[in-house]
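Reviewing the structure listed below.
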2 protein chains.
Amino acid sequence: MVDILHRVGIHASPNAVYKALTEIEPLSTWWTSDTTGETAVGGVIRFRFGERGFFDMKVLELDPEKRVLWEVVDGPKEWIGTKVSWDLSPEGAGTTIRFKQQGWREPVDFMHHCSTKWASFLFSLKAQLETGKGTPYPNDFLISIDFD
Amino acid sequence: MVDILHRVGIHASPNAVYKALTEIEPLSTWWTSDTTGETAVGGVIRFRFGERGFFDMKVLELDPEKRVLWEVVDGPKEWIGTKVSWDLSPEGAGTTIRFKQQGWREPVDFMHHCSTKWASFLFSLKAQLETGKGTPYPNDFLISIDFD
């Protein structure tokens with residue numbers, strides 16, 4: 001089992017970061033503009049990327065301003081069953097996010113891609129909260145020649 | 001043992017990417033402007049980041065346009081002994097880089113940070129080769145509030 005790990009500091013409150021991870025409209029400002037679904041524990045949030053694909057995330061845990069845990073219940077086969085966690089902690093006047101996607105079965109090529117792509121979306125989240133200018137799909141940063 | 005994995009596509013030839021990983025002046029355009037040392041196999045390349053710290057990388061393997069392997073011989077204690085590999089493959093008119101930093105002993109907080117920071121430097125490398133505008137230290141993208 002191999003994990004994707006990231007850590008980013010955002011000049012915004014834990015409350016603002018938490019909202020951006022747990023409410024549909026804020027979620028749609030940094031990952032994909034096509035985000036729908038139910039955000040309460042037990043609900044499924046649907047992240048759509050047009051012809052590129054989709055991820056359905058079941059909300060497993062919500063601890064306001066501290067932690068969000070999702071499980072991938074549908075999407076690319078390599079993703080299904082993986083868990084995505086967001087741990088927030090206050091850092092000065094801002095917030096540090098510790099991010100993990102755990103449960104990858106093998107360090108496949110697609111995992112390398114997703115590691116880098118997650119970083120680009122974390123930077124989109126950071127930009128959205130600090131400047132109001134995130135780059136969600138379909139305006140996301142294209143990091144690859146062959147993959148989306 | 002846990003690894004940092006990334007994958008990025010660059011609209012530049014394998015030869016251009018290889019040069020950016022194996023020659024002092026091109027290296028200094030995307031990671032740190034303070035890069036010196038010996039780039040042949042067995043040599044040590046010194047990457048300096050002012051008061052933030054440094055990395056000394058021994059060149060273990062060079063396969064032109066295909067692969068570069070470094071071993072960290074001095075720097076932060078968590079990095080020493082880790083190996084940084086760059087595998088290049090042609091992709092259309094460009095190049096895909098598969099990057100690994102292997103040999104981390106524990107998935108410590110600093111590893112999460114370095115995973116994300118490596119992504120930002122890969123994007124700097126991509127920007128440098130595609131637009132001539134990399135963001136090496138001291139003009140690098142600051143991803144954290146507390147770490148450099």
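As a basis for the values below, the full set of heavy atoms in this structure was taken, side chains included, without hydrogen atoms, waters or symmetry mates. Throughout, protein chains are lettered first and strands after them, A, B, ... in sequence-line order, and every chain is numbered starting at 1.
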note = Within residues 34-46 of chain A, contacts to chain B at heavy-atom distances under 4.5 Å involve none
Connected via hydrophobic side-chain network under 4.5 Å: B:L21 and A:I145 = no
ask   = Is there a chain of hydrophobic side chains (I, L, V, M, F, W, Y, each step under 4.5 Å between heavy atoms) that links A:W104 to A:L69?
value = no
ask   = Can you get from B:F121 to B:I24 by hopping between Ile, Leu, Val, Met, Phe, Trp and Tyr side chains that sit under 4.5 Å apart?
value = yes
task = For residues B:V2 and A:V2, determine if any side-chain heavy atom of one lies less than 4.5 Å from a side-chain heavy atom of the other.
result = no
task = Following the transitive rule for hydrophobic clusters with a side-chain heavy-atom cut-off under 4.5 Å over Ile, Leu, Val, Met, Phe, Trp and Tyr, establish whether A:F141 and B:F141 coincide in one cluster.
result = yes
query = What option among B:L142, B:T95, B:I143 has the most heavy-atom pairs under 4.5 Å with chain A?
reply = B:I143
task = Under 4.5 Å, heavy atom to heavy atom: which of residues 58-67 of chain A reach chain B? Give them by number, or say none.
result = none
request  = Flag the one option from A:E91, A:K117, A:R98 with the top tally of heavy-atom pairs under 4.5 Å to chain B.
outcome  = A:E91
Beyond-backbone contact of B:F147 with A:R7, side-chain heavy atoms, under 4.5 angstrom = yes
ask   = Measuring heavy-atom distances to chain B, does A:K100 have an atom under 4.5 Å in its side chain, in its backbone, in both, or in neither?
value = side chain
ask   = Which residue out of A:I97, A:L122, A:D109 racks up the most heavy-atom pairs below 4.5 Å with chain B?
value = A:D109
task = Please report the C-alpha distance between B:F123 and A:T116 in whole Å, then the side-chain angles of each, then the deciding distance to 0.1 Å, and finally whether the side chain to side chain contact (heavy atoms under 4.5 Å, CB included) criterion is met.
result = CA-CA 9 Å; B:F123 298 153; A:T116 316; 3.6 Å; yes
query = For A:S120, is it the side chain, the backbone, both or neither that has a heavy atom under 4.5 Å from a heavy atom of chain B?
reply = both
query = Side chains of A:T96 and B:H112: closer than 4.5 Å at any heavy-atom pair?
reply = no
note = Bottom line for A:F99: the part with an atom under 4.5 Å from chain B's heavy atoms is backbone
key: Under 4.5 Å from a heavy atom of chain B, the part of A:I10 involved   = backbone
message = Taking B:W79 as the starting point, is it possible to reach B:V108 by hopping between hydrophobic residues whose side chains are less than 4.5 Å apart?
response = yes
ask   = Where on A:I4 is there a heavy atom nearer than 4.5 Å to chain B: the side chain, the backbone, both, or neither?
value = neither
ask   = Taking B:H113, B:H6, B:H11 one by one, which has the highest count of heavy-atom pairs under 4.5 Å against chain A?
value = B:H6
ask   = Is it true that a side-chain atom of B:S115 and a backbone atom of A:L5 form a donor plus acceptor pair closer than 3.5 Å?
value = yes
